[in-house]
Structures are given as structure tokens and as C-alpha cells.
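These notes concern the structure reproduced below.
Naming: A, B, ... by sequence-line order, numbering from 1 per chain.
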Number of protein chains: 2
Amino acid sequence: MHNMKPNTRKNEIIKTAATLFKDKGYSAVTMRDIAKAMGIKAASLYNHINSKQDILKAIIISLAEEFTLGMETIKASQVNSIEKLKQIISMHINITSRNKAGMATLNNDWMHLEDQLEYYLKLRVNYEDNLRDIIRQGILNNEILNDNLEVLLFSLLSTLRSLYIWIPLEDNLNEIELSQSLSNVLINGIKN
Amino acid sequence: MHNMKPNTRKNEIIKTAATLFKDKGYSAVTMRDIAKAMGIKAASLYNHINSKQDILKAIIISLAEEFTLGMETIKASQVNSIEKLKQIISMHINITSRNKAGMATLNNDWMHLEDQLEYYLKLRVNYEDNLRDIIRQGILNNEILNDNLEVLLFSLLSTLRSLYIWIPLEDNLNEIELSQSLSNVLINGIKN
DNA sequence: TATTTTAACTAACAATTGTTAGTTTCATTA
DNA sequence: TAATGAAACTAACAATTGTTAGTTAAAATA
């Protein structure tokens, strides 16, 4: 539940790159851009990383694996479906608030993965399948309305995946408050 | 409510470009990619368009203006706030289903607009302000729960903006059905 | 102290980029 | 028929791209 990376030069580069990727996207950011943001020359980056692609891989795969791990834990927990959904919402807020730039990169630049594209997609499909199963179980238990399952899944995932856009604006709202507010909206709807 | 573009060569290029932008993003798509997809050479594109940037502008600005126009109409309509929200959901589904590739480009590549970036951002802020006002009025009228307004707005907008990702998968579900399902989920929540 | 490691540098490369200039082909119009 | 316009082409450009090779300076280690 922490995943603190050591402060190596390599990790500083990855972090800097993620911030630039967030603003302009992977393809529009050059190695010279990253180097300039670090205050060094582009060639110097290669003392620490193997390629631009490796930076992208480092950003995306570690996050995807963190989500996968979190989902496995929640899946195994002995609570009802609504409670599981609340835990998932909470996990998304937690991971996203610690990795705003990385989440932007994961959401927008995953298709530029090369070697690891297949692996990433496997993790993503697996994650969606697990979430769908939780909702389906909730419907069977009469905890969740028997509406269109896919629409329900889509709506939930869309909001959670867009969190990186909004969380920076909500500094004043703390993580627990945000988690409760969001759970309320997503689970209870907005109608009075 | 239709916005049919004539079948000029220019519009064919814009449409082709939008499809490529959807898959790889504006920056990763070259003029040679677009030309190849059209079966011609890159230089030939310039008989019809002025620049790569002009293609992006044509895709994004026309869509942004279509949303702005739709919002003005709904804003002026004499129905309650929940009904207005339903109309907005319906508009998003309608515009998105007619412009899947364009909506991907609008969502992911707006930051690569140059001259028109400021104008686009103005339209977007204006749209969000109008939507916030509708929700606020709904709370005042006791139609909508007095939860955190920004969280509510965020959740709604996230789902609507992500529609382009999902609509292609839902061919079987028609527009009206999808609109009803989505309104149900967003307005009534998922809890039984 | 001698040696290795870390982290920067300069210079250059081959490929790719958006774009321009000038030309050709062919159908439509005057 | 002659002229015009639409839409393609070849060839080339200057700039930018990711990356490599080889070097240097300082810090850490033996």
C-alpha cells in the first residue's frame, strides 16, 4: 500500500518524463525535452535509462501491476459487493493521488508500448473482468440494481480512470472525504 | 441536429486523419501516414489542406461548437433540471456516436491546438460552467441531492467524455436504449 | 593512494518530420 | 477547341528525432 521508489537518478528521470508526458503525450515529448527539464544533455540520459520506450514501460507497467495487486486483495476480502466497490474507489483515489502524472500517461499513452503492450492489455482485461464479476455478484445478491451490466461497468470505470484529471484540483478535499463523496455519487446516484 | 459534411476531398482527408489520430494520437501520426491511408503521396494532401495543424483544428473546433450549440438549446428549454441532464446525456451519445474518431481526438489531442487553443478552452470552460449551473439549480429545487457539487459534476463529465471509448462496442444497443440506461445509472445510482 | 563508479559532456549519425516548388494528367467549362 | 481547375506526382529542403561513441571530471571505494 505504499510502493515508495528509491530516489535514484533513474527514478528522477522517470518522474520528470511522466510530468512531461502528462502535458504533451509520449510522442510529443523528446529526449531533449526530458533532458532540459533535468538540467542535463539528452545523451546523458542514456547513462541511466536504455531508451525512451523503457521510460514509458517503467511508468505504465508498475502502475498497472499495482492496480492488479490491489484488485486481487479486494476480490479476496470477505465483504459484500457494495463494500468491495467502495474499496475499489478508495484504491483508485489512493494510487492516483500518489501518481497523477503516471496515471495520465497510463491512460493516454498505453498504445505506444511496444514489447509490453500485450502484457499491459492482459492486465487491463483481467482487471475489468474482475470488476465485472464483483458487480454481477452484487446483482445476484440484490445489492445492486439489475440494470445493463456493461453500462454500469462503463460508467464506473470512466469516472475512476478520469480521476487524474480532477484530483489535482481537489487539494482541499482530503482522500477519505473524496472517497466518501465519490462512493455516494457513484453508488446512490444524484437524484433526491 | 445533423451537421452533415459534404463529401469533398478535404473532408475525406480530415475523416481519415481523425481515425488515425484516434488510434495513435496527433503527434504520432505523420502526414505520410495520412497520405498512405488515402492512397496518395504526402505532398498531395497540400492541394486540399494548409497544414497538419489545420486538420486538427477542423476536427476539434467543429465538435466543440456543436456541443456549445447543443448546450445553449438545452439551457433555454423549459424543463426541470433532471430532464435537462437527460437531454445532455442524450446529446453526448448522439454527437459521439456520429463522431467516434473525432471525439477521441478532441479528448486526447486538444492540447496540440496552436492558434485555436485559447478559443477551445473558452468553449470548454463555458460548457462546464453551464452544466454546473444546471446541477446547482437542481439542488436548489430539491431535485438533486446536495452532495459535493464538484464531485458530482466530475463524475458526470468523466462518463460523458469517455463515451467514445465504449460506444463502438455497443452496436447492438441503440442510441435511445443507451441513453435511458446511462441516465438511469448516472441519476439513480446503482444501489438496489 | 590507486582504482573504479557515477554522471556528466561534445560531436555526430541515419532516419524521419512537415512542408514547398514545380510539373503532369485528366476532366470540366467557356 | 482552348482554357481552366482539380488532384495527383517527383524531388528536395531544413529541422528535428532517438541514439551511439568516446571523453572527462569528480566522488566513492579498495
Side-chain angles (χ1 to χ4, degrees), chain A residues 5-61 101 105 108-117 120, chain B residues 5-61 101 105 108-117 120:
Chain A
K5 304 278 193 337
N7 236 28
T8 61
R9 203 79 178 111
K10 178 173 179 175
N11 284 334
E12 286 177 36
I13 292 172
I14 292 169
K15 201 172 157 184
T16 301
T19 304
L20 296 176
F21 292 167
K22 173 182 129 238
D23 291 334
K24 304 174 54 182
Y26 175 74
S27 301
V29 173
T30 71
M31 294 303 279
R32 285 164 181 82
D33 290 335
I34 299 171
K36 186 168 251 176
M38 300 276 307
I40 61 178
K41 300 286 172 179
S44 306
L45 294 169
Y46 289 83
N47 285 318
H48 309 280
I49 52 99
N50 299 314
S51 63
K52 190 188 179 190
Q53 174 69 201
D54 263 15
I55 299 177
L56 185 67
K57 192 193 304 179
I59 295 169
I60 295 181
I61 298 297
T105 305
N108 302 323
D109 288 314
W110 59 266
M111 72 286 281
H112 298 116
L113 284 171
E114 291 164 12
D115 294 346
Q116 307 274 4
L117 176 58
Y120 164 76
Chain B
K5 304 275 189 342
N7 236 27
T8 61
R9 204 77 177 111
K10 178 174 178 175
N11 284 334
E12 285 177 36
I13 291 172
I14 292 169
K15 200 171 158 185
T16 302
T19 304
L20 297 176
F21 292 167
K22 174 182 129 238
D23 290 334
K24 303 174 56 181
Y26 175 73
S27 301
V29 173
T30 70
M31 294 302 280
R32 284 165 181 83
D33 290 336
I34 299 171
K36 186 166 252 175
M38 299 275 308
I40 61 179
K41 299 288 172 178
S44 305
L45 294 170
Y46 289 83
N47 286 319
H48 309 281
I49 53 98
N50 298 315
S51 64
K52 191 187 178 189
Q53 175 68 201
D54 263 15
I55 299 178
L56 186 66
K57 193 193 304 181
I59 295 170
I60 295 182
I61 298 297
T105 306
N108 302 324
D109 288 313
W110 58 268
M111 73 286 281
H112 297 117
L113 284 172
E114 290 163 14
D115 294 347
Q116 308 274 8
L117 176 57
Y120 164 76

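- Side-chain proximity of B:R9 to C:dC9, D:dA8, C:dT17: nearest is D:dA8.
- Following rounding to the nearest Å, A:M31 (CE) and C:dC13 (C1') show an atom-to-atom distance of 16 Å.
- Relative to the six-membered ring of A:Y26, A:K52 meets both conditions, a distance below 6.0 Å and an angle of at most 45° to the axis.
- Distance A:I40 CD1 to C:dT10 P: 12 Å, rounded to the nearest Å.
- In this structure, B:L20 places its CG atom 16 Å from C1' of C:dT17, rounding to the nearest Å.
- Taking only side-chain nitrogens and oxygens, A:K41 never comes nearer than 4.0 Å to OP1 or OP2 of C:dA8.
- In this structure, A:D33 does not pair ionically with A:K36, as no charged nitrogen and carboxylate oxygen lie closer than 4.0 Å.
- Nucleotide D:dG18 holds its C1' atom 11 Å from the CD1 atom of A:I55, rounded to whole Å.
- Put simply, CD on B:E12 is 9 Å from P on D:dA7, counting in whole angstrom units.
- Between B:L117 and B:W110 there is a side-chain heavy-atom pair separated by less than 4.5 Å.
- For A:S44, no side-chain nitrogen or oxygen approaches OP1 or OP2 of C:dA7 to under 4.0 Å.
- For the pair B:R32 and C:dT19, the criterion of a side-chain N or O lying under 4.0 Å from OP1 or OP2 is not met.
- Between A:R9 and A:E12, at least one side-chain N (NZ, or NE/NH1/NH2) sits under 4.0 Å from a carboxylate O, which counts as a salt bridge.
- Phosphate contact (OP1/OP2 of C:dA7, side-chain N/O of A:H48, threshold under 4.0 Å): present.
- Atom P of nucleotide D:dT19 and atom NZ of A:K52 are separated by 8 Å, given to the nearest angstrom.
- The separation between A:L45 atom CG and D:dT20 atom C1' is 14 Å, rounded to whole Å.
- Rounded to a whole Å, the CG atom of A:N47 is 14 Å from the C1' atom of D:dA26.
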